[in-house]
Every structure is written in structure tokens, then in C-alpha cells.
Visitor: 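Structure provided below as C-alpha cells; questions to follow.
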Amino acid sequence: MKLLVTGGAGFIGSAVVRQAIAQGHHVVNLDALTYAACLENVASVADDPAYVFEHADIRDRAALDRIFATHKPDAVMHLAAESHVDRSIDGPGDFIETNITGTYHLLEAARAYWTAQDRPQRFRFHHISTDEVFGSLGETGQFTEETPYDPRSPYSASKAASDHLVCAWHETYGLPIVMTNCSNNYGPYHFPEKLIPVVILNALAGKDIPVYGQGLNVRDWLYVEDHADALLTVLQKGALGRSYNIGGENEVKNVDIVRMICAILDTKIPKKTQYADQIRFVTDRPGHDLRYAIDPTRIATELGWRPSVTLEEGLKKTVQWYLDNEDWWRALQDREGVGKRIGKG
Ligand code: NAD
């Protein structure tokens with residue numbers, strides 16, 4: 001297939017781009033190259049004849065129309081977004097603009113292109129979203145595809161709005177969509193403002209390792225390459241108009257995942273004290289969702305998809321990747337806002 005991937009210079013989008021090329025697809029990577037982007041994430045495929053980069057913003061309708069007309073994609077995989085909850089607390093405007101208005105422009109450009117192509121039913125607009133749209137769970141229960149939306153941060157509210165737009169474009173205009181809502185990802189190329197890279201890099205630098213509140217918030221972690229695999233599976237096998245929850249079957253409290261990473265570093269780069277001694281509990285994020293957990297029954301039973309990497313394996317691979325790729329993360333640590341405590345409200 002020829003795939004138009006938005007946000008393909010980001011963390012998850014770049015994993016999708018690399019995996020799609022490896023599977024033999026053609027990829028047009030559309031990215032505005034915001035602070036969160038890094039073209040090195042796709043350096044391994046940059047010279048592949050099946051890969052093209054388009055520097056464009058999803059809020060720019062004229063650019064979108066040109067890109068659809070030029071490349072004539074068989075499917076769109078829409079990952080471009082503002083994605084950091086803490087940044088959404090300090091500056092929600094960019095989240096409204098990109099995640100809601102940008103998705104609207106992309107839907108309209110896709111609809112115009114699809115209509116001009118005589119509305120092929122095999123065309124797909126795959127919207128990539130998050131489990132955070134479902135809100136916060138208590139001690140028990142899991143999110144299913146039927147869980148009512150209850151977003152609680154500017155980020156998750158903007159993603160929820162974009163999900164509703166995508167469903168509306170399917171119901172109203174018949175645009176052939178699929179949608180996925182995934183749990184927290186981790187792995188190589190994770191931008192150094194997110195929890196897992198912060199833990200690895202602060203531990204290595206001998207700095208405090210900040211843990212919000214008491215570290216009791218639970219997340220369901222998924223290795224990013226598994227997410228990319230799930231997305232390509234849903235794109236090719238998912239039922240028209242259907243949404244799929246994607247999870248890692250790995251529920252862990254934040255403080256426990258931080259301790260797991262510290263224990264891996266104790267083995268890989270031993271020092272006189274333990275890395276866990278650097279953990280510091282800091283002021284919590286306002287409105288911090290307590291627990292996310294995915295019920296993966298639908299994607300497992302209907303599409304036969306399961307995660308392939310255990311949390312222990314994935315964390316070891318991730319830590320090793322950061323040890324092997326210091327040039328990559330050092331360059332990003334100079335970017336605006338990285339390494340500072342933001343999002344305190
Ligand atoms: P990211 O922040 O690493 O990458 C986002 C990419 O989108 C960047 O390359 C950025 O330049 C690009 N972008 C931002 N605004 C743009 C615009 N206006 N026009 C064009 N490009 C723009 O994000 P990520 O963690 O890779 O997440 C990708 C998608 O997956 C997002 O939609 C996010 O909501 C969703 N998601 C993320 C997670 C997670 O754990 N990171 C989990 C579930 C779902």
C-alpha cells in the first residue's frame with residue numbers, strides 16, 4: 001500500500017514508518033517538525049526509494065490537498081499530534097489547534113481526495129488515539145471500546161474531540177475509517193521529556209529521578225515496536241468503521257517501573273550506590289489520572305494480535321538503546337522545555 005503517515009518524525013510515527021517500509025509498503029511521511037520531531041528517527045529508511053518526506057503542517061489545508069493529489073495514498077495513518085500532557089497543562093492552545101483543528105483539516109482533505117477518487121471502499125483513514133480519552137480507572141476494571149469518554153486533561157480532551165470528529169466523518173460522509181486507542185508506549189527514540197527516558201537519563205547523569213506524587217499511578221505499558229505492528233495489523237485487517245483498544249497487558253505503578261529501570265542500570269552500569277537512591281517524590285501533576293488499563297479482547301480475538309515483548313525484555317532493550325545512542329538524546333536535551341519541571345498548573 002501507499003501510506004500517508006502523519007507525525008512520522010515523532011516517537012510512534014517513526015516506528016510505524018520504519019516497520020511499514022520493512023513490510024514492503026510505500027510511505028509518505030508528513031510532519032511539521034515541531035520540537036518533538038527528529039528526522040534521525042527515520043534515518044534508516046531516508047534513502048529508500050519507497051520513502052518520501054513532506055514537511056507540512058496538518059493545519060495547512062492547501063498543503064494537504066497538494067500532498068494527497070501528488071502522492072495518491074491508499075490509506076492515511078494519522079499520528080501527528082501534540083502529545084505531552086504536562087505541556088498541555090501549561091499551553092493548551094497548541095493542543096486544540098493541532099489535535100482538533102488539524103485533524104479536521106486532514107479529514108476534509110482526505111474526504112475531498114477520496115470523493116475525487118470515486119469513494120473507493122478500500123481507502124482507509126486510520127486515526128491513532130490514546131486510552132487517556134476514557135479517563136481514570138479506580139483499583140479495578142479495564143477500558144473496553146464501549147467505555148464512555150471521560151477525558152480529564154487538555155491533551156486527552158483534545159484527542160477525544162479528534163476521535164469524535166473521525167467517527168462523525170465516517171457516519172456522516174461515509175469516509176472509511178478505523179480507529180485505535182492505545183496505552184502508554186515506551187522504547188527507542190522516546191523523546192527525552194517523557195517518564196521512561198527521564199528516568200534513564202537522570203539516573204545516568206547522577207541527578208534526582210523525579211516521581212510525581214507517591215508514584216502510585218498505574219499505566220499499561222506497551223513496547224513501541226509492538227504498537228507499530230498492531231497499527232499496521234488494524235490498518236490491513238480491521239473492520240471498516242471499527243475501533244480497537246491496544247494494550248501491553250503490563251499494568252505497573254509508576255514507582256515500580258522507575259525501580260525496574262534503576263535495577264537494570266544497577267546491572268548494566270554498576271556504581272557504589274544504587275540508582276534507586278536518586279528517586280525523589282515531587283509535587284503531583286494536577287488532575288493526574290490514577291489508573292489506565294486496556295481490555296485487549298477485541299484486537300486479540302478478532303485480529304489475532306498480541307504484544308510480543310514482555311515489559312522486562314522491553315525495558316532492558318530500551319535502556320540499552322539509550323546507552324548506545326547518546327548522540328541522539330544529547331542533541332534533544334537542548335530543546336525548549338526539556339529537562340524542566342512543567343505542567344504544575
Ligand atoms: P510525538 O510527540 O513523539 O510525535 C508527534 C509528531 O507529530 C512529531 O513528529 C511532530 O512534529 C508532529 N506534529 C505535531 N504537530 C503537527 C502538525 N500540526 N502538523 C504535522 N505534524 C505535526 O508523539 P507520539 O508519542 O509519537 O504519539 C503519536 C500519536 O500516538 C499521537 O497522536 C498520540 O496521541 C498517540 N498516542 C501516543 C501514546 C504514547 O504513549 N506516546 C499512546 C497512545 C497514543
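Ligands are counted one by one from 1 in listed order, and the atoms in each one are counted from 1 as well.
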Visitor: Under 3.5 Å, is there a donor on one side chain and an acceptor on the other for Asn250 and Tyr186?
Guide: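 Per modelled atom types, Asn250 and Tyr186 side chains form no pair under 3.5 Å.
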
Visitor: Apply side-chain contact (heavy atoms from CB on, under 4.5 Å) to Ser308 and Asp229, showing your working.
Guide: CA-CA 10 Å; Ser308 70; Asp229 178 53; over 6 Å; no

Visitor: Give the C-alpha distance, both sets of side-chain angles, the deciding distance and a yes or no for salt bridge (Lys or Arg N to Asp or Glu O under 4.0 Å) between Asp163 and Lys159.
Guide: CA-CA 6 Å; Asp163 294 10; Lys159 290 296 293 188; 5.7 Å; no

Visitor: Identify every side-chain donor-acceptor pair in residues 187-206 under 3.5 Å, counting partners at least two apart or on other chains, and give the distances.
Guide:
residue	atom	partner	partner atom	Å
Glu193	OE1	Arg87	NE	2.7
Glu193	OE1	Arg87	NH2	2.9
Glu193	OE2	Tyr35	OH	2.7
Lys194	NZ	Ser83	OG	3.1
Asn202	ND2	Asp208	O	2.9

Visitor: For Phe11, does its backbone N or O pair with a side-chain atom of Ser14 as donor and acceptor, under 3.5 Å?
Guide: yes

Visitor: Using distance alone, with no hydrogens and no angle criterion, decide if Trp328 and Asn41 have a side-chain donor and acceptor under 3.5 Å apart.
Guide: yes

Visitor: Give one line per pair: atom of ligand 1, protein atom, distance. Only N/O to N/O under 3.5 Å.
Guide:
residue	atom	partner	partner atom	Å
ligand 1	2 (O)	Ser83	OG	2.7
ligand 1	3 (O)	Phe11	N	3.0
ligand 1	9 (O)	Gly10	N	3.1
ligand 1	9 (O)	Asp31	OD1	3.2
ligand 1	9 (O)	Asp31	OD2	2.6
ligand 1	11 (O)	Asp31	OD1	2.6
ligand 1	11 (O)	Thr34	N	3.0
ligand 1	11 (O)	Thr34	OG1	3.1
ligand 1	18 (N)	Asp57	OD1	2.9
ligand 1	18 (N)	Thr98	OG1	3.0
ligand 1	19 (N)	Ile58	N	3.0
ligand 1	21 (N)	Ala32	N	3.1
ligand 1	23 (O)	Ser83	OG	3.3
ligand 1	26 (O)	Phe11	N	3.3
ligand 1	26 (O)	Ile12	N	2.7
ligand 1	32 (O)	Leu79	O	3.0
ligand 1	32 (O)	Lys159	NZ	2.7
ligand 1	34 (O)	Tyr155	OH	2.6
ligand 1	34 (O)	Lys159	NZ	3.1
ligand 1	40 (O)	Asn185	N	2.9

